[in-house]
Amino acid sequence: MLNQTSILRVISKLLIPPIMLFGLYVQFHGDFGPGGGFQAGVIFASAFILYALIFGVDNARKAAPAWLTRLMLASGVLLFGGVGVVSSLMGGGYLNYSVLANDVHAGQHLGITLIEFGVGLTVAGAMITIFLIFDGLLRAEEED
Amino acid sequence: MFSAAALAILVTMLLVLIRAYKGPTVYDRILAVNSFGTLTMLLISVYGFLTDRPEFLDITMVYALINFIGTIAVSKFVRFGDLAPPVPENDPGDI
Amino acid sequence: MAVTAYSLVRMHNLFAVVMLSGIYSLLAAVIYVVMDAVDVAFTEAAVGAGISTVLMLGTLALTTSMEKDAKMFSPLPLVIVTVTGALLIYATLDMPPYGDPTAPIHHHVAPHYIEKSAHEVGPPNIVTSILASYRGYDTLGETTVIFTAAAGVMALIGRSRRRKKKSDKSMPVEDS
Amino acid sequence: MIDGQLPILQVVLPLMMAPVTLILRNPRAAWMLTLVVTWATFTISLSLLMQVLDSGTIIYKIGGWAAPWGIEYVLDKVGAFVMVIVSGIGSIVLTYSRRSVEMEVPEDRIYLFYTMFLLCLTGLMGIVITGDVFNLFVFLEISSLSSYVLISLGKDRRALTAAFRYLIMGTIGATFYIIGVGLMYMMTGTLNMADLSALIPAVADTRTIQAALAFLTVGICLKLALFPLHLWLPNAYTYAPSVVTAFLASTATKVAVYVLIRIVFTVFGGVGVMEGLGVQHILMALALTAMFAASTIAIYQNNVKRLFAYSSVAQIGYIILGLSFVSESGVAAGIIHLFNHAIMKCAIFMGLGCVVLRIGGVTIKDMHGLGHRMPWTMGAIVLGGLSLIGIPMTVGFVSKWYLVRAALEKDMWFIAVLIVLSSLLAVIYVWRIVEAAYLKPVPENAAPVHEAPISMLLPLWVMALASIYFGLDATNTLSIALDAANALLHGGVL
Amino acid sequence: MEMLIDIASWVLLLGGSVFILIGAIGLIRLPDMFSRMHGAGIIDTMGALMLFAGMMLQAGLTMVSVKIFLIILFLMFTSPTTTHALARAALDAGQEPIRDDDPTDEIELALMRELEEERKRLSKT
Amino acid sequence: MDAFSGLFNYWIVVVLMMMGFYIVISQQNLIKKIVGLNVFQVSVFVFYISMGKIKGGSAPILADGIEIYSNPLPHVLILTAIVVGVATTALGLALTVRIKNAYGTIEEDEIEAMENTPSNKTPEATS
Amino acid sequence: MIHALSLGGALGILWLLLSGIFEAWLLALGFGSIIVIVIIANRMDVIDHEGHPIHISWRALLFWPWLAWEIVKANIDVAKVILHPKLPITPKVLHIKASQVTELGHVFYANSITLTPGTVTLKLINGAMDIHALTPSSIEGLLTGEMDRRVHDVEGMADGTVEVKKNV
Amino acid sequence: MSPETTIQAAMITPLVGAVLISFAGRWPNVRETITLVTAVIMFYLVASLYPHVMDGGRPSLVVGEMLPGLPIAFMVEPLGLLFALIASFLWIINSIYSIGYMRAHNEKKQTRFYVCFALALASSVAIAFAGNMLTLFVFYEALTISTYPLVTHAGSDKAKQGGRVYLGILLSTSIGLLFLAIVWTWMIAGTVDFTPGGILEGKASATVIGILLALYMFGIGKAALMPFHRWLPAAMVAPTPVSALLHAVAVVKAGVFTIVKVVVYIFGIDLLSVMANSDWLLYISGFTLLCASIVALRQDNLKRRLAYSTISQLSYVVMATAILAPLSIVGATLHIAAHAFGKITLFFAAGSIYTVSHKTEVSQLDGIGRRMPWTMGAFAIGALSMIGVPPTAGFISKWYILHGALDSGQILAVAVIILSTLLNAGYFLPIVYAAFFRKAQGEHGEAPLPIVIALTLTAAGTVLFFFFPGIFLELARQLI
């Protein structure tokens, strides 16, 4: 991408960090307002998609290599499941967060935050992966 | 008051939609969709005030965001995708 | 919305179709907001208008943006759809009217959430409480679905496409 | 303490291992892990079955929330039984899978194949065990999505279109299902099965509930490929990798049937609904059509996998027919056929997988003279085929016995005759293969062929012998099926 | 004061409504894609600004206002960017704006020639 | 008349659903099918959400001074369902891409035509 | 480094603005988030003067109101045209050289032009832009070069060191 | 060894044999020795049950429950023992014959042949000892399946065709009719155990009984009642030892055996004799009897002629059963045995002719008796037995049947028997005549030794049967 897209480039450089922050904000404020892990993941990923759109897939791949997205993808599920396992190990049922802390509320809160984070991780990972694959194919085709 | 605004927005949406349907080029549609997105943002915000629960502006933000990224993606797509719309390419380099 | 849907049927330019489906999704989101489902609207906005559209565009770029001309009109789908629709309309006849606070769904399970969730779980957003705690298991499933989709896309069109291409050529049709 | 957690472990174990295989990325390691997991689930489900048989239905509250508010797991006899089928087939197929997968799936996708396999297993287990109609939908989708991927991993390009068609029809089915669930929810306000079954009688006369039943049934029938809705199945089974075919053919549709049982008998309270609303007759008609139409189509197939795919459609007809009798022996016949058909189809498709491994194709022509070239493989396939026909000493006979009995009990003479006739159609298509394998000469230019590797033969024969064992000694399986049928018919207790 | 703010916000809201309507009409009436962009611009800028400002006034100094402010900020950054991106895409695809065919003055002609040369140069590289 | 207005909402939703459904089953183009599927599903979601709405209710986020909340449960369900929907879409699109690679077209009837020609020949040649 | 810090700071403010909740737990999360984002941004290589223009002076604060006013004027202008029964438009494409030094400046200028209805930046190449204008009056506004000057002012004394970097 | 263990052993022996044979496939001598040894052991085991049964013992054995309430059970009663005795004894002889035949023809896949043979025998014995209808059905089907590879042994298109007809008719009748009948019986009676006097008495209406009887009679396709007789001629493509197995040792015998067993133990003679609507069976079997004989007259292919003869002979048994007189039942039982010996002799002879001269048509057999005196001698004895001329086995059985028919006043049956005897003579005697009194063609000698031994033995058996019918007669009498 030559400097043809200078407008896009500059603006998106400006915007990407705030978008990511917004994503994380949504992630952690799901308790209070609308939103939660899923939406946060999507927003976070969309920041990344924007980056990939502007700076190209290759750069995007450098910033988020395959192993990283893969790890995000997997660890989100693992985190979610793990919270469940831990809670059942601690004597509650599966996904019974109340036992995670001394206080029911604190436990629930901790649990919810953790699993939402897991959701967010997976979703972000998934979205980035899917997008990059699609876009990567596109590039590959152009090269042909 | 807000309802008047909401009504105006709805009418506008309708007009914009007409453009989106009529085309005639892809770009007109994109333009229309983009405006439509803005209108949606406005509508949601206004509706929030209409029902006295204006806290949900986060949604509006998401819309703004998605609208932006969506349009960028779209225009990038029509620019670089190998599927330029069926426009006779008489002399592409000329303005 | 109906207009959007209708024109979706008629449109042949796939690109326009994708744009319209984006609009459709936006409209749906507005409706969600109107119906108090802010979380859902949030998600629909992000997903329907955003991710889906982008993905569809990617696919269009990889395939083609024009649909072939209309084929012969076949009545069968129309019949199926009419029957299904009629069945649904029939089903609506005994439904509680829209927005009726006395409808059964507002009296069996939901009140518990509304009244107790703050006490039992904590967060003021009831949707979050249900999503993450009461029905946390659904959410686990949901996460898994997303995981499945991503892994599936990886499996289908993931990298190392070059190699795949070769193998595609070497054995195009197995039993011919 | 672990004991109490078994039900959840059953689903969560494969679920959590799926990401691990994704991270591992090593085909062999992924296989090993998956193998361990599937056998573990099998063990667990066996012990759960014992537990259920001993002490009745197991209920597990997820997240510690009581039933209508949270999601609960309910494992009754039918569920435990189906779960044993699914995990058993899964573990056998997986033991068998390594070589076959290496051959049929691109190498760099193998670990993803196992990821998908685990997810599919998760989904199926989740469906079986859950006591919540919406949760069921979620797991249905997990299993469906992963099976779309699994199918499209086949090398033939037609696998792709097959998977796509499956995706479209499967999603329509799932959407119908949620429409149905929505309608039910609208009238009752709950999603819990037990709760629903308690609340539905009060509103059973409303048109909404009737429509809900219709939508649920159609949606599930799409998934289970009941006759006019089966269009996705033959191609999907034909072009999917053999392992996938073996697994899906013997589990996925079975689980869908299970869902139908759950909805119709547990949620809607069975007898009244079936008889009152004419569902019974519709299902019966469809099942009979399936049995005949699909078997007839099967006779004309040249691709053996496709042939057996159509035969699956026909066999699903048997199962549904059994259910549609709404009598104890009928439902028991359905359930037992569920089990039996899983075993025999698994054996057949695994056998075909061996053939693919060695010959490269499974058209009738490829099978020529195969009886002498791959005696063990063909032997197992023929055993499976005999079972399909319903020759005594095989599991197929047991199912047929009960089906006919159920028909006669209801004085449905005609249907008994039809059942018997349709199994004669099975003779024809099975015998086409037998003749090709044993009576046709080996093609002259055929390359020398070895018998399939022992790692594949062993699981194959375990299944083949199982189909004989359970044909000879069906008391255990039958008593479970009869118990389950009894429970389902009398109040549909979970 | 209360009253004043109310009136101000009403005016803003009404004005915004009028402007978005005008923008939409422009979107319909204007002859080609490039000129329509101006119509869309009205919606994005004036309309949105006024409406949001009206809402801000209603909300007073709360989180809501802050958020609206952020939204406006975001909009002001993105809206021209998207418009530009779109225009570029259209141009690159060979879409040409309708122009008044007789150039008003010499300067413009010269400018255009220059432009054309530059285009050619670019297309070579 | 009252019943009519109460149900009118649902009827619109039903019409929408059926349009989506019609697109899915009548269209030949694979992408359009997926779009149709989306429309179908989204309409179903709207149906769910409209179930949960209570007249005069408010979004189910607890706040002071608000008494009536709409039913949050459908929202939760639909959140999940949306995710499932997008997952399906992604997979469907990926499949479409593969199909395009393998066949060079994404029109169903053309694909069928391509499939039938060789596969009809093969058995004839063999038997 | 300084960019990273300032980005962190800006993000911190943003977080507080968005969140409005000052609980320790959430603040900690916010802090963590910011660190993560800075790291990612670093990876993405978007932290530089373009991505985070701290050097833009306070003059921006003066510029924006002016711009807003311009926008209003232009809006009314275009609105008139649109509502005019004859639709008296004379679309033209102009070529303009921007006087700003940095690309950031160009972008600012271009965006400001687009933001004012009646003119749209079609193309920006090394400070040379094509502008599509709807009416003669909107052209006039451009040809006076006032906006150009003002943006230049905002850009401030952009240092050449940064200038070199960006063309790499 | 207790009788129970003996039953077990008798059935397991051929299975073990089959396994051993398949392992010994590479060494023909070992393989054939095993076959013979197995056959002998099995015969010994079966025979050792004889005294026990004669003493009135009914040793039984329950292997396990196949379906709830439906065990796989065995019980030795006289009829079954008779059948088992015949089958196991003829297996020995047939094995000897097979060895000669198969070696002389250099047949391929001999191992499979012997394995399937052993399996078929195992099934036969299991059928013979079956304690209930389910068990019988199970092994009935096993017999069908295990003989299929034998029928299609040649692997040619013709063999395939024959195999199709064979399997098609046998499976469709058994699955289509017999199976239904069994399930239905079970539902009516709550059991399918073989019980003296029947299990249906007083449990079902006359119509139902009639339908059931029809289902059974036609469902037992192995009894080759018209119109389900076509599999027998079709199966003639098989090697001669297989034909012998089908016609004499196992398959058709299993069919008629099942019919007798069903009539006696499921319906009960008393039940049927008071029912007016069982007469049709008589007519059908009579019709089959005559028709098959007439068709046989017109066959030039020797084996086909024999096949049609079998069809008609089987109908003797069915008819004898249908007469429902105690004596005729005895006759039916005896005829199973008599026909077995006679027919195996005939087939052995046909095979022997084919082995040496490759002649298959009746018209080619002129003067062959001079070149192959042993063979044709045996053939003559067999033919006489078929006709029912003393001193052969056929006479005794026919005599009992006639007696029974006369006793119960079934004049029609008497007429049919007499007529068919004439027909039998009509299609057998010309062969014998031509073989011995026409001029010979071709140059060849007597058949290989094992073949000659085998057919001599069976011919001798046929004659001995006439003089010492005691063994079988006693058993048959116990039946009543």
Side-chain angles (χ1 to χ4, degrees), chain C residues 1-2 5 8-9 14 17 21 24-25 28 31-32 35-40 43-44 47 51-52 55 59 62-63 67-68 71 77 80-81 84-85 88-89 92 95 97-99 101 105-106 109-110 113-114 118 124-127 130-131 135 138 142 145-146 149 152-153 156-157 173 175-176, chain F residues 3 6-7 9-12 14-16 18-23 25-26 28-29 31-32 35 38-39 42 46 49-51 53-55 57-62 69-73 75-76 78-80 82-84 86-87 89-91 93-98 100 102 106-107 109 118 122:
Chain C
M1 255 177 123
L8 274 175
V9 181
L14 288 178
V17 167
S21 80
Y24 188 80
S25 184
I31 291 175
Y32 295 151
M35 293 177 178
D36 300 333
V38 278
D39 280 86
V40 181
T43 316
E44 181 66 39
V47 170
I51 296 294
S52 295
L55 287 184
T59 317
L62 289 166
T63 53
E67 191 190 2
K68 296 286 157 33
K71 315 294 155 5
I80 296 176
V81 166
T84 323
L88 268 173
I89 300 279
T92 57
M95 283 180 188
Y98 169 73
I105 56 167
H106 304 305
V109 175
Y113 294 135
I114 294 172
N125 186 348
I126 307 172
V127 173
I130 302 176
L131 189 77
R135 298 185 71 89
D138 264 354
E142 164 197 323
V145 168
I146 278 293
V153 171
L156 283 177
I157 53 174
V173 185
D175 56 352
S176 65
Chain F
L7 296 177
N9 252 295
Y10 293 129
W11 291 353
I12 292 179
V14 168
V15 170
L16 290 178
M18 289 311 117
M19 280 183 160
F21 189 34
Y22 179 73
I23 297 175
I25 57 180
S26 70
Q28 298 287 334
N29 187 292
I31 293 185
K32 229 168 154 184
V35 171
N38 262 342
V39 172
V42 167
V46 173
I49 299 296
S50 53
M51 263 196 279
K53 169 74 180 171
I54 297 181
K55 273 214 178 90
S58 178
I61 296 177
L62 296 174
Y69 296 99
S70 281
N71 192 336
L73 190 51
H75 302 181
V76 177
I78 291 316
L79 276 180
T80 309
I82 287 179
V83 176
V84 171
V86 74
T89 308
L91 268 184
L93 291 175
L95 270 174
T96 314
V97 171
R98 284 285 301 276
K100 165 79 180 174
I106 51 167
E107 301 287 324
D109 44 0
T122 346

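Computation of the quantities below employed the complete heavy-atom set of this structure, encompassing side-chain atoms and omitting hydrogens, waters and symmetry-equivalent molecules.
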- Message: Please classify the contact of Ser50(F) with chain C as side chain, backbone, both or neither, using a heavy-atom distance under 4.5 Å.
- Response: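 Interface part for Ser50(F): both.
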- Is chain C contacted by the side chain of Ile78(F), its backbone, both, or neither, given a heavy-atom distance below 4.5 Å?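 The side chain, not the backbone.
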- Reported CE-to-CG distance for the pair Met35(C) and Asn71(F), which is rounded to 0.5 angstrom: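 Rounded to the nearest 0.5 Å, the CE-CG separation comes out at 13.5 Å.
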Considering only heavy atoms from C-beta outward, does the side chain of [X] approach that of [Y] to under 4.5 Å?
X: Glu142(C); Y: Val84(F); answer: no
X: Asn38(F); Y: Ser25(C); answer: no
X: Asp138(C); Y: Val76(F); answer: no
X: Ile130(C); Y: His75(F); answer: no

- If you tally heavy-atom pairs under 4.5 Å against chain F, which of Val40(C), Asp39(C), Ile80(C), Val145(C) wins?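 Highest number of heavy-atom pairs under 4.5 Å: Val40(C).
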- Query: Do you know which of Leu88(C), Ile126(C), Ile89(C) has the most heavy-atom pairs with chain F at a distance under 4.5 angstrom?
  - Reply: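 Of the candidates given, the most pairs with chain F belong to Ile126(C).
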- Can you say whether Leu131(C) sits under 4.5 Å from chain F via the side chain, the backbone, both, or neither, judging by heavy atoms?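 Both backbone and side chain of Leu131(C) come within 4.5 Å of chain F.
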